[in-house]
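Scroll down for the structure; my scribbles are underneath it.
Note that these values count all heavy atoms, side chains included, but never hydrogens, waters or copies made by symmetry.
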Amino acid sequence: FRIHTEAKDYPYPISELSGQWSVRSVASGSELSTKITARPTSCAIAHFLLTTLARKQSNVILMDLADAWALLTDHEAHA
């Protein structure tokens, strides 16, 4: 998936945000794997905050974005 981060009202200091997920069979059922790639904006302060001070919170936000994207695509697939 790729998130449109160029929108004027986009709330996060991220210039590029994309990810991929996969599901594989395991003995107990299935396993979901998510890989998210985020590039902070060129603003040095935003880059510093995302990569150091707010890393933990940034990871939570990125996972929330991935979850929202997954729900949206799942909803569209069943529409």
Side-chain angles (χ1 to χ4, degrees):
F1 64 90
R2 183 170 301 280
I3 305 293
H4 175 63
T5 58
E6 295 85 19
K8 289 184 180 183
D9 61 346
Y10 189 72
Y12 304 108
I14 299 171
S15 62
E16 293 180 33
L17 178 59
S18 63
Q20 59 185 11
W21 58 81
S22 61
V23 178
R24 69 181 188 123
S25 296
V26 294
S28 61
S30 60
E31 178 180 275
L32 173 67
S33 175
T34 305
K35 178 182 178 186
I36 299 173
T37 303
R39 183 180 310 223
T41 60
S42 59
C43 173
I45 294 172
H47 188 274
F48 176 75
L49 289 173
L50 281 175
T51 58
T52 57
L53 298 179
R55 178 178 283 279
K56 192 174 209 172
Q57 183 61 30
S58 297
N59 288 340
V60 171
I61 291 169
L62 294 175
M63 287 305 299
D64 287 347
L65 289 170
D67 289 344
W69 188 259
L71 287 173
L72 176 67
T73 56
D74 185 56
H75 175 65
E76 289 179 358
H78 291 96

Practice item. Look at the side chain of Thr5 and the backbone N and O of Ser15, then say whether any donor-acceptor pair between them is shorter than 3.5 Å. Key: yes

Practice item. Could you check if a side-chain atom of Ser22 sits within less than 4.5 angstrom of a side-chain atom of Ser33, using non-hydrogen atoms only? Key: yes

Check your understanding: What distance do Ile14 atom CD1 and Thr37 atom OG1 have between them, rounded to the nearest 0.5 Å?
Key -> 11.5 Å

Review point. Restricting to pairs with a member in residues 9-34, which pass salt bridge (charged side-chain N to carboxylate O under 4.0 Å, His left out), not counting sequence neighbours?
Key: Glu16-Arg39, Arg24-Glu31

